[in-house]
*Asks:* 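Below is one structure. I have some questions about it.
Just so we're clear, the structure is a prediction, and the values are computed from it rather than from any experiment.
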Amino acid sequence: MDFILEGWARQFQKDQELTALSDAEAFEVFAGFCVLSSYHEDDFNPDQFRMGGGDDLGIDVAAVIVNGDLLRDADEVREAVQKAKQLDVRFVVIQAKRSEKFETKVFTDLADNLVQVFRREPMTYKRSEDVANLRACVDAVYADVSKLSKGLPKLAVHYVTTGRPGDGLLDEKRMSAAGRLREMNMFDDVEVVAVGATQLRDLYKKASEAVGASFTMPKKLPLPRIPGVEQAFLGVLPARVLVEKVLTDPNGGIRKVLFYENVRDFQGYNVVNAAIRRTLQDPDRRDRFAVLNNGITIVARELTTAGEDVHIRDFQIVNGCQTCHVLFDQQEVLSDGVHVNIRLIQSNDDDVIGGIVAATNRQTAVSEDDLAARESFHKTLEDYFATQPEAHRLYYERRSRQYSGAASVERTRVITRAQLTKAYAAMVLGDPAGAGRYARLKSRHEKALFHPNHDPHVYYAAAAAFYRLEWLFRNKQAFWGYRAARHHLLAALKVRLIGVGPWPQKAAGKHACDKILKAMWNPLESEHHFGELLSVVVAAQKESEAERPGGLLSDLVRTERFAERVRRGAELSS
């Protein structure tokens, strides 16, 4: 194995706390991280996309990208499809081997197996739970073909080794496999790729870098010195340059990672966005865009200029999400005369960045609920997590990718807002069946989440339980294949250690947190509790399958009936 790749892979294995995996399994995760990062720029848990066990049909890693979101569970894909008006979908399938040579038959076998996964008829091959889940993802995507009006899904198949893909026969088999998959007429595009050591090195280097962009901005005015701001400019940028150089990811999609600091996601073509679209589509009005639209605000942690050339790195578009999405969607009608007002700010001060976000968004019709994304309670949580003893320290990621460049921070100890929301809802609010649907979860429990009067200790306890359970999923074979039930295991842990009923308050609540934390920070004790609760989940699964044969675990976990079975089993096991 290439000695540089071997060093990177071992460090990656350590950073991701995958030390219990074999070298071959850890390499699958490493390869998956490298390849998936080329399609998705935001942080993600790479081990979550690895297939486990036998009957995987040669698929080591698989993911579905729906409208820019990297998904793995059929339930997540269904939710994404249901809420979308139009779909932009890419399936990514990876086989990864540490071997220094490519086997030509791999492409042939993979194509044969993928025909089984994607064809409309039922699968006849024996398959694992993970492959069955992938098939359910496929069914969810094609369930409503009217939403595929912009084009059929794309398929990317990657065969990764540490060798050199220079064999003529290998290339012939690769093209033959791509041809067979195209013949299914289910994809707008099929790419079948051989990834060797050199390509894998390049992918890893790109995956490890913060988001950057370079463009020419001839019309810009520097602002006077501002406290907490290294430099700032006002200017205009051709809309085509904004779309091509800043908004478009390497695969032609919009870079959703740029908008996590923006308090609202794209709202679709509501009244305001429809008006922006009409302006762009009107040949007589589109060249007035710069005076009709407020423009966008970009905050970068690194900003360098050389004459008219600008380079930004580790940046966010904190205001103008709606404008950017409409421009990206309407890029075919953009003329040379369409310009966008730009506020370009360099700052590393989180308080300054937070103030910019709040101020720029309050100038538009953003509700106070939307601005809750920057409320001080999230800063309180971040500080509370960071003040815990080093051995028990977790990091609350209040700002997307805020720890991506911190070498001292173990990536597996970073808890995102979405992860914390789901863990808290499952364990504290007692809603494991709804925890998989993030958008619906926030809507259902809006007033019960991240309230300024809440005790940060409770959120930290939920995060610690989530962290420990994820460690078990990565490192203990008995837990492989049961990640879909993670929120039920968290809810069951609360029942086992604290009891049924609402989360206790005041002194009793602190005692409950301490009890959970004591168990979670003891590796043997936590494995004992979750191991027995896993047996409860398995029993609930068998009971459910006896009632409804053939049901996937990823489907069962969405039901209150399954949640109640796990709850009852956890109570009996306590």
Side-chain angles (χ1 to χ4, degrees), residues 211-224 226 229-249 252-256 258-259 261-300 303-312 315-347 353 355-366 370:
V211 175
S214 298
F215 50 90
T216 300
M217 189 176 180
K219 296 181 175 66
K220 61 180 182 294
L221 174 69
L223 294 180
I226 302 170
V229 174
E230 279 76 11
Q231 53 183 330
F233 299 90
L234 296 179
V236 291
L237 195 64
R240 282 178 175 169
V241 173
L242 175 68
V243 170
E244 293 171 5
K245 301 294 186 180
V246 179
L247 300 182
T248 304
D249 70 20
I254 191 166
R255 299 168 100 175
K256 295 191 73 172
L258 300 181
F259 302 101
E261 287 287 349
N262 200 290
V263 297
R264 294 179 301 179
D265 198 355
F266 181 51
Q267 302 296 296
Y269 283 105
N270 56 21
V271 175
V272 174
N273 292 339
I276 297 174
R277 178 173 58 183
R278 284 196 300 274
T279 297
L280 294 172
Q281 293 178 343
D282 185 341
D284 296 327
R285 299 180 65 220
R286 63 170 67 116
D287 288 357
R288 305 173 197 159
F289 190 79
V291 297
L292 296 174
N293 185 274
N294 288 332
I296 69 172
T297 302
I298 300 175
V299 177
L303 188 162
T304 56
T305 61
E308 296 181 350
D309 294 334
V310 177
H311 178 72
I312 51 179
F315 68 97
Q316 286 277 302
I317 295 175
V318 300
N319 179 251
C321 174
Q322 310 306 311
T323 295
C324 287
H325 277 78
V326 177
L327 287 170
F328 184 87
D329 188 53
Q330 300 296 311
Q331 57 186 287
E332 292 183 0
V333 303
L334 298 180
S335 65
D336 293 338
V338 182
H339 288 76
V340 184
N341 296 307
I342 305 289
R343 285 183 291 271
L344 186 56
I345 302 164
Q346 180 187 5
S347 178
I353 295 171
I356 294 169
V357 173
T360 54
N361 282 283
R362 281 200 176 96
Q363 292 167 6
T364 58
V366 181
D370 287 328

*Asks:* Taking salt bridge (charged side-chain N to carboxylate O under 4.0 Å, His left out) as the definition, give me every residue that meets it alongside R255, ordered by chain and number, with sequence neighbours left out.
*Replies:* E41
*Asks:* Check C324 against L247 and note the closest heavy-atom contact, atom names and distance.
*Replies:* O-CD1, 3.7 Å
*Asks:* Answer yes or no: is there a donor N or O on one side and an acceptor on the other, between the side chain of N341 and the main chain of V291, under 3.5 Å?
*Replies:* no
*Asks:* If you round to the nearest 0.5 Å, how far is CZ of F289 from CD1 of I276?
*Replies:* 5.5 Å
*Asks:* Looking only at atom types and distance, does a side-chain atom of K245 sit under 3.5 Å from a main-chain N or O of L242, one as donor and one as acceptor?
*Replies:* no
*Asks:* Can you tell me if Q231 uses its side chain to pair, donor with acceptor, with the backbone of I345 under 3.5 Å?
*Replies:* no
*Asks:* Under the salt bridge (charged side-chain N to carboxylate O under 4.0 Å, His left out) rule, what pairs show up with a residue in residues 319-338, not counting sequence neighbours?
*Replies:* K150-D329, R240-D336
*Asks:* Once rounded to the nearest 0.5 Å, what's the spacing between atom OG1 of T323 and atom CD1 of I296?
*Replies:* 8.0 Å
*Asks:* Can you sort out the partners of T305 under side chain to side chain donor-acceptor pair (under 3.5 Å), two or more places apart, ordered by chain and number?
*Replies:* none
*Asks:* side-chain contact (heavy atoms from CB on, under 4.5 Å) for V310 and L344? Distances and angles first, verdict last.
*Replies:* CA-CA 10 Å; V310 177; L344 186 56; 3.9 Å; yes
*Asks:* Under the side-chain contact (heavy atoms from CB on, under 4.5 Å) criterion, do F233 and L223 qualify, and how do the steps go?
*Replies:* CA-CA 6 Å; F233 299 90; L223 294 180; over 6 Å; no
*Asks:* Do you know which two heavy atoms are closest between G253 and F328, and how far apart they sit?
*Replies:* C-CZ, 3.5 Å
*Asks:* Would you sort out whether V326 and L280 count as a side-chain contact (heavy atoms from CB on, under 4.5 Å), showing the intermediate values?
*Replies:* CA-CA 9 Å; V326 177; L280 294 172; 3.9 Å; yes
*Asks:* Determine, stepwise, if the pair S214 / D309 fulfils side-chain contact (heavy atoms from CB on, under 4.5 Å).
*Replies:* CA-CA 7 Å; S214 298; D309 294 334; over 6 Å; no
*Asks:* Output all residues satisfying side-chain contact (heavy atoms from CB on, under 4.5 Å) with T304, sequence neighbours left out; order by chain, then residue number.
*Replies:* H311
*Asks:* Give every residue pair that meets the salt bridge (charged side-chain N to carboxylate O under 4.0 Å, His left out) criterion with at least one member in residues 268-279, sequence neighbours excluded.
*Replies:* none
*Asks:* Write down the atom of N273, the atom of Q322, and the distance for their closest heavy-atom approach.
*Replies:* ND2-OE1, 3.0 Å
*Asks:* Within the structure provided, determine whether L303 and E230 are in side-chain contact (heavy-atom separation under 4.5 Å).
*Replies:* no
*Asks:* Mind checking side-chain contact (heavy atoms from CB on, under 4.5 Å) for A300 and listing every partner two or more places apart, or none if nothing turns up?
*Replies:* I312, F315
*Asks:* Looking at CD1 of I356 and CD of Q316, how far apart are the two atoms once the value is rounded to the nearest 0.5 Å?
*Replies:* 12.5 Å
*Asks:* Are the side chain of R343 and the backbone N or O of T297 linked by a donor-acceptor pair below 3.5 Å?
*Replies:* no
*Asks:* Do you know which two heavy atoms are closest between V229 and A232, and how far apart they sit?
*Replies:* CG1-CB, 4.1 Å
*Asks:* Looking at Q330 and L327, would you say the former's side chain and the latter's main chain have a donor-acceptor pair under 3.5 Å?
*Replies:* no
*Asks:* Work out which heavy atom in S335 is nearest to a heavy atom in D287; give both atom names and the distance.
*Replies:* OG-OD1, 3.0 Å
*Asks:* Below 30° counts as parallel, above 60° as perpendicular, anything between as tilted: where do the rings of F266 and H325 land?
*Replies:* parallel
*Asks:* Kindly give the heavy-atom pair with the smallest separation between V243 and T248, and that separation in Å.
*Replies:* O-OG1, 2.6 Å
*Asks:* If only atom types and distance count, is the side chain of D282 paired as donor or acceptor with the main-chain N or O of R286 below 3.5 Å?
*Replies:* no
*Asks:* Nearest 0.5 Å, what's the OG1-CD distance between T216 and E308?
*Replies:* 7.0 Å
*Asks:* So how far is it from I342 CD1 to L237 CG, rounded to the nearest 0.5 Å?
*Replies:* 5.0 Å
